[in-house]
Every structure is written in structure tokens, then in C-alpha cells.
There are 2 protein chains.
Amino acid sequence: MEIQSAVKALLALAQETRLTVFRLLVAAGPEGMNAGAIAATVGVPAATLSFHLKELLHAGLVVARQDGRYIFYSANFAAMDDLIAYLADNCCQGGSCLPKTAAVAATTKRRRQTA
Amino acid sequence: MEIQSAVKALLALAQETRLTVFRLLVAAGPEGMNAGAIAATVGVPAATLSFHLKELLHAGLVVARQDGRYIFYSANFAAMDDLIAYLADNCCQGGSCLPKTAAVAATTKRRRQTA
DNA sequence: CAATCATTTCCATAAAAATGGAAACATGGA
DNA sequence: TCCATGTTTCCATTTTTATGGAAATGATTG
């Protein structure tokens with residue numbers, strides 16, 4: 001992952017409404033939720049939500065799929081995984097890491113050996 | 001971790017210069033680096049770096065310590081760990097998670113049971 | 001091909017963040 | 001104390017982002 005992609009993803013998550021939406025979609029699982037339902041749950045006007053969804057979409061953190069006249073948005077779990085891996089990446093050389101970060105780094109290393 | 005803290009941390013990381021600085025400090029380990037060395041390595045004017053360091057400091061992602069006439073900055077590993085845990089938090093119910101995220105979630109769960 | 005409902009685009013406005021030169025503020029050494 | 005060096009504050013400017021009403025677009029049903 002290049003730094004620009006990471007910045008884009010972090011920027012997308014670095015806003016209360018968007019972080020709330022993203023976490024909602026993570027919790028909702030692969031089916032996701034349609035825009036109206038998200039707006040109602042989070043409590044923002046449709047236009048505002050649309051703006052934020054576009055940001056998340058553009059950052060690759062969510063995915064959209066049309067279903068009837070609804071548009072369903074769902075979290076892109078792979079993107080979240082990549083971002084987490086990127087954050088933990090050049091860590092743990094000095095043994096300065098804590099549990100979760102170390103867990104990620106261990107997984108990343110295991111993968112690198114396998115690949 | 002409350003959402004405002006997460007947003008603050010993400011916002012601090014969501015900028016190319018700051019993300020570069022943070023990763024540099026993560027790689028540098030607990031000793032960290034002094035401001036001038038960081039500025040030289042990253043290639044930004046002192047005033048600009050100072051601005052960005054303050055952002056990272058304010059977000060709790062780095063820590064400062066005076067050493068002679070230098071000020072050393074180092075990564076706050078616990079903060080990074082918390083942020084990663086927060087991102088992976090309400091995940092993995094539907095089994096939709098991927099390796100790194102799952103590793104974090106597993107560690108979080110293990111801790112919760114222990115605690 | 002209406003009528004209807006979901007969602008997005010348009011747009012103006014308001015708010016927040018990034019940049020870097022110059023000056024101020026430490027700190028340590030002569 | 002005076003000087004050199006490291007770092008920060010001040011400040012004006014530019015750029016980016018957030019907000020939400022109103023109108024436009026897209027999709028489905030009768």
C-alpha cells in the first residue's frame with residue numbers, strides 16, 4: 001500500500017459521521033445497508049450522507065450495489081485489513097509493540113514468508 | 001476509546017507529512033528522534049514540522065521529551081494499539097473479517113475475557 | 001408513460017487545516 | 001553575559017472540507 005492510499009483511507013475515516021457510518025457498515029456485515037437506512041440510523045440529511053458516502057467510496061473503504069431502487073453500501077473488509085496492516089507495518093523491530101499491533105505484525109510476517 | 005479520540009487520532013494520521021513522521025518515529029523506536037533530524041529526514045521547514053508535531057502530540061500519538069537543547073519525539077505505541085483495536089472492534093461477528101483484522105479482534109477478545 | 005420513492009448533484013456558505021517566512025523563545029557553551 | 005543553535009509561535013494566505021436545501025436523476029410499479 002502506498003502512502004497516498006493510506007492517507008486517503010485515513011482521511012475518509014477521520015470524520016465523525018463517516019467513522020460512524022463505516023463502523024455501522026462493518027457491524028452490518030457483507031449485506032450492508034441502503035443509503036436511506038444509514039441516513040436514518042446516523043441522523044443526517046440525505047445530501048450530507050451522500051457526500052460522505054462518496055468520500056468513503058472514493059477511498060475504497062465501502063462498496064455500493066444496487067438492489068431494486070435501493071442502493072446498498074457495505075464495508076470493504078479487505079481495505080480495512082490493508083489499512084490496519086499498513087499502520088502496524090514498520091513496527092515491532094525494537095520489540096516496542098503492544099498486543100494488537102504485534103498480532104497484526106505477526107500475521108503480516110507469516111504471510112510474507114508464505115508468499 | 002470514544003469516537004472523538006479516534007477521529008482526532010485518524011485526523012492526525014490523515015496527512016502525508018504527519019503519517020510519514022509518525023511511521024518514521026514508529027521505526028525509530030522508543031528513543032525517537034529530535035525535531036531537527038525529523039525535519040531534515042522528511043524534508044519540511046522547521047515551522048511546518050513544528051505545526052505537524054503539535055497535531056500528533058495533541059492527538060496523543062507521539063510524546064515529547066527534552067534532552068539538552070534538543071527535543072526528542074517518539075511514537076506512543078499504546079495509542080497506536082488502541083486505535084487499531086478501535087478500528088477492528090465491532091467486526092468479525094459475521095465472520096467477514098480478514099487475517100490482520102481477525103488477529104486484532106482475537107487479541108481484544110482474549111483480553112476482555114482475561115479482564 | 002405517469003406517479004412515486006430513493007439517491008445524488010448543484011450550489012452557496014461556513015468552518016477548518018496547511019504552508020512557511022520572520023520573529024520570539026529556550027537551552028547550553030564560551 | 002553574550003553567542004550560537006534548536007524549536008516554537010505568530011501571522012497572513014491559500015486550500016480543502018463540511019453542511020444541507022432545492023432541484024435533478026435514476027429506478028420501480030401500476
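Letters go in sequence order (proteins before strands), and every chain restarts at 1. These numbers come from a predicted model, not from an experiment.
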| query | In residues 3-18 of chain B, what residues come within less than 4.0 Å of DNA chain C, judged by heavy atoms? | reply | L11(B), Q15(B), R18(B)
| request: Taking only heavy atoms on the protein side, list every residue of residues 38-66 of chain A lying under 4.0 Å from any atom of DNA chain C, sorted numerically. | output: A46(A), A47(A), S50(A), K54(A)
| query | Any sub-3.5 Å donor-acceptor pair from N76(A)'s side-chain atoms to V63(A)'s backbone N or O? | reply | no
| said: How many whole angstroms separate atom OH of Y70(B) from atom P of dT5(D)? | reply: 10 Å
| field | Considering all heavy atoms, the nearest T107(A)-K100(B) contact | value | CG2-N, 4.1 Å
| Hey, any chance V44(B) and L61(B) share a hydrophobic cluster, counting ILVMFWY side chains that come within less than 4.5 Å of each other, even indirectly? | yes
| field | Start and end of the DNA chain C segment that chain A contacts, any atom under 4.0 Å from a heavy atom | value | dT4(C) to dT9(C)
| request: May I ask you to test the F77(A)-M80(A) pair for a side-chain heavy-atom distance under 4.5 Å? | output: yes
| task | Kindly give the heavy-atom pair with the smallest separation between A88(A) and T101(A), and that separation in Å. | result | CB-CG2, 3.7 Å
| note | For A6(B) and L83(B) the tightest heavy-atom approach is O-CD1, 4.2 Å
| D82(B) CG to D89(B) CG distance, which is reported to the nearest 0.5 Å | 11.0 Å
| note | The bend of the helix from dC1(C)-dG30(D) to dA30(C)-dT1(D), taken between the axes of its five terminal pairs at each end and rounded to 10°, is 30°
| said: The test is side chain to side chain contact (heavy atoms under 4.5 Å, CB included); show your working for L53(A) and L49(A) and say whether it passes. | reply: CA-CA 6 Å; L53(A) 282 175; L49(A) 180 77; 3.7 Å; yes
| query | Heavy-atom contacts under 4.0 Å between residues 23-36 of chain A and DNA chain D, which residues? | reply | none
| Closest approach of A79(A) to G60(A) (non-hydrogen atoms, all atoms of both residues) | CB-O, 3.3 Å
| task | Indicate if Y70(B) and V62(B) have the same hydrophobic cluster label, given that clusters are the connected sets of ILVMFWY residues with side-chain heavy-atom separations under 4.5 angstrom. | result | no
| query | For the hydrophobic clusters of this structure (ILVMFWY residues joined by side-chain heavy atoms under 4.5 Å, transitively), does one cluster hold both F72(B) and L57(B)? | reply | no
| query | With respect to the phosphate group of dT8(D), does any side-chain polar atom (N or O) of Y73(B) fall under 4.0 Å of OP1 or OP2? | reply | yes
| field | Where Y73(B) and A35(B) come nearest, the two heavy atoms and their spacing | value | CE1-CB, 4.2 Å
| query | Under a 4.5 Å side-chain heavy-atom rule over Ile, Leu, Val, Met, Phe, Trp and Tyr, are F51(A) and I71(A) clustered together? | reply | no
Output side-chain donor-acceptor pairs under 3.5 Å for residues 9-34 of chain A, partner residues at least two apart or in another chain, one line each.
residue : atom : partner : partner atom : Å
Q15(A)  : OE1  : T17(A)  : N            : 2.9
Q15(A)  : OE1  : R18(A)  : N            : 3.1
R18(A)  : NE   : A12(A)  : O            : 2.7
R18(A)  : NH1  : H52(A)  : ND1          : 3.1
R18(A)  : NH2  : L11(A)  : O            : 3.2
T20(A)  : OG1  : E16(A)  : O            : 2.7
R23(A)  : NE   : Y86(B)  : OH           : 3.2
R23(A)  : NH1  : Y86(B)  : O            : 2.6

